[in-house]
Amino acid sequence: MAENLLKGKVGIITGALDENSIAWKTALKAHEQGARFVLTNAPIAMRMGAIKELAEHCKTIVIPADATSLEDIEKLYAEAKEYLGGNFDFLLHSIGMSPNIRKGRSYGDLNYDWMNKSFDVSAISFHKMMHVAEKMDIMNEWGSIMGLSYIAAQRVYPFYTDMADAKALLESIARGYGYRFGKMKKVRVNTISQSPTKTTAGTGIGGFDAFFNFADKMSPLGNAPAEACADYIITMFSDLTRYVTMQNLFHDGGYSTTGISEELMDQFKDL
Ligand code: NAI
């Protein structure tokens, strides 16, 4: 394993809720690779407490911020800049939540206030994080900003309901702001489209186990685990990927370009 890929880099990691979170695993690896960073999560998630253990391990602090609030993001960046002693090289947006999914609403029966909430938390917050970063001029040149997406942005997964639309918006924002930040500061913006992963956000989706197993059988390499996703994020924060921008990068064991696998065909041959 390469060492010190992120030596001298500083940044912000959102979304570490518990040890299953993609952001949690990313924080551990970023620490291992020499990065310094501040952890943040919504105030309500922080009351659950686990993130403080992660902060101790990573020798850092936690600053609560609701990612839908411009004021919270400003305060987060200002305090993190003071703690880290300078501007940022990376930002991880690892945030997703849909009240409609939580309450089991189908795509034809969405509550529109909740749908707006899904979009704000899961996608527009990505725009807000970059908007505030631009206004505060807080990114270093050749920095890297990442969000996490899912293939329901391109294809229909009925149980993913309004999160599918949120992910399509998230990926679009990565392109729109990627152009802008590239021109302004040579900062790259990308999303990783991750395999189904057993986290709080993932397992909250109706039918998760079925599409987790289906994707696993469909992918020649099997589903990509959260830890491997963290590895990919680390490479995207490192200087080895400086010219990759405005991309949605599939990290899915080959799922997105497989038509059908032998294992799945076997299940249909005697019908
Ligand atoms: P997770 O549940 O561990 O992380 C989601 C995080 O979003 C939590 O830490 C939660 O506190 C945070 N959050 C929710 N509302 C917030 C707000 N208003 N302000 C700040 N933070 C807020 O689950 P996971 O899977 O690690 O999710 C991370 C990202 O990966 C999400 O964008 C998710 O949609 C995406 N993803 C997950 C997949 C999966 O199957 N688990 C597959 C593809 C993408």
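When a ligand or atom number is given, it counts from 1 through the structure's own listing order. Throughout, residue positions are numbered sequentially from 1 according to the sequence presented.
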Within the 4.0 Å heavy-atom cut-off, what A45 brings close to ligand 1 is side chain

Atom 30 (O) of ligand 1 sits nearest the protein heavy atom L148 CB, 3.4 Å

Could an N or O of ligand 1 be found under 3.5 Å from any N or O of D18, whether backbone or side chain?
-> no

Provide the closest heavy-atom pair for M130 versus F181 in the form atom of the first, atom of the second, distance.
-> O-CE1, 3.7 Å

For ligand 1, which atoms sit closer than 4.0 Å to a heavy atom of Y150?
-> 42 (C), 43 (C)

Close approach, T14 and ligand 1, non-hydrogen under 4.0 angstrom | no

Quick one: sort the Y255 and Y157 rings into parallel, tilted or perpendicular, breaks at 30° and 60°.
-> tilted

Atoms in ligand 1 flagged as close to P196, the criterion being non-hydrogen separation under 4.0 Å = 40 (O)

Determine whether Y179 and I145 fall in the same hydrophobic cluster, where Ile, Leu, Val, Met, Phe, Trp and Tyr are linked whenever their side-chain heavy atoms lie under 4.5 Å apart.
-> no

Does I95 share a hydrophobic cluster with Y160, counting links as ILVMFWY side-chain heavy atoms below 4.5 Å and allowing steps through other members?
-> no

Which residue supplies the protein heavy atom nearest to atom 12 (C) of ligand 1, what is that atom called, and how far is it?
-> N41 OD1, 3.6 Å

Any side-chain heavy-atom pair of K117 and D113 under 4.5 Å | no

the protein heavy atom lying closest to atom 15 (N) of ligand 1 turns out to be V121 CG1, 3.4 Å

Can you find an N or O of T68 that's nearer than 3.5 Å to an N or O of ligand 1?
-> no

Side-chain ion pair, D162 and R105, N-O less than 4.0 Å | no

Any idea which protein heavy atom is nearest atom 29 (C) of ligand 1, and the distance to it?
-> S94 OG, 3.6 Å

Give the atoms of ligand 1, by number and element, whose distance to some non-hydrogen atom of D66 is under 4.0 Å.
-> 17 (C), 18 (N), 19 (N)

Donor-acceptor pair, R188 side chain versus W142 backbone, under 3.5 Å?
-> yes

Which ligand 1 atoms does G96 reach within 4.0 Å, using its non-hydrogen atoms?
-> 7 (O), 31 (C), 32 (O)

Ligand 1 atoms nearer than 4.0 angstrom to some heavy atom of G202 are 39 (C), 40 (O), 41 (N)

Look only at interatomic distance and state if Q194 has a nitrogen or oxygen under 3.5 Å from any nitrogen or oxygen of ligand 1.
-> no

Check whether the side chains of N20 and T199 place a donor and an acceptor atom closer than 3.5 Å, and report yes or no.
-> no

Please report which non-hydrogen protein atom sits nearest to atom 24 (P) of ligand 1, along with the residue it belongs to and the distance in Å to one decimal place.
-> T199 OG1, 3.4 Å

Contact between K198 and ligand 1, counting heavy atoms under 4.0 Å?
-> no

Does ligand 1 have an atom under 4.0 Å from some heavy atom of S195?
-> yes

Pair E134 + K185, salt bridge at N-O below 4.0 Å = no

Correct closest heavy-atom pair for F37 and I12 would be CB-N, 4.5 Å

Aromatic rings Y77 and F88: how do their planes relate, parallel, tilted or perpendicular, breaks at 30° and 60°?
-> perpendicular

Purely on distance, is any nitrogen or oxygen of A67 under 3.5 Å from one on ligand 1?
-> yes

Min N/O separation I22 to ligand 1 under 3.5 Å = yes

Starting from atom 4 (O) of ligand 1, which protein heavy atom do you reach first, and at what distance in Å?
-> G15 O, 3.6 Å

Polar contact flag for Y160 and ligand 1 (N/O pairs, less than 3.5 Å) = no

Test item, A65 contacting ligand 1 (heavy atom, 4.0 angstrom) | yes

Does K167 approach ligand 1 within less than 4.0 angstrom via side chain, backbone, both or neither, non-hydrogen atoms only?
-> side chain

Hey, could you give me the CG/CZ distance between D89 and F237, rounded to the nearest 0.5 Å?
-> 10.0 Å

Where is the nearest protein heavy atom to atom 36 (N) of ligand 1: which residue, which atom, and how far?
-> S149 O, 4.3 Å

Does NZ or CZ of K198 fall inside the cone over F212's six-membered ring, less than 6.0 Å from its centre and within 45° of the axis?
-> yes

Closest by any non-hydrogen atom to atom 14 (C) of ligand 1: pick that one out of L17, I95, D72.
-> I95

Consider only side-chain heavy atoms of I, L, V, M, F, W and Y, link residues closer than 4.5 Å, and tell whether Y232 and M246 are in one cluster.
-> no

For the atom pair CD1 (I192) and CE (M236), what is the distance rounded to the nearest 0.5 Å?
-> 6.5 Å

Can you pull out the closest protein heavy atom to atom 2 (O) of ligand 1? Residue, atom name and distance to 0.1 Å, please.
-> A201 N, 2.9 Å

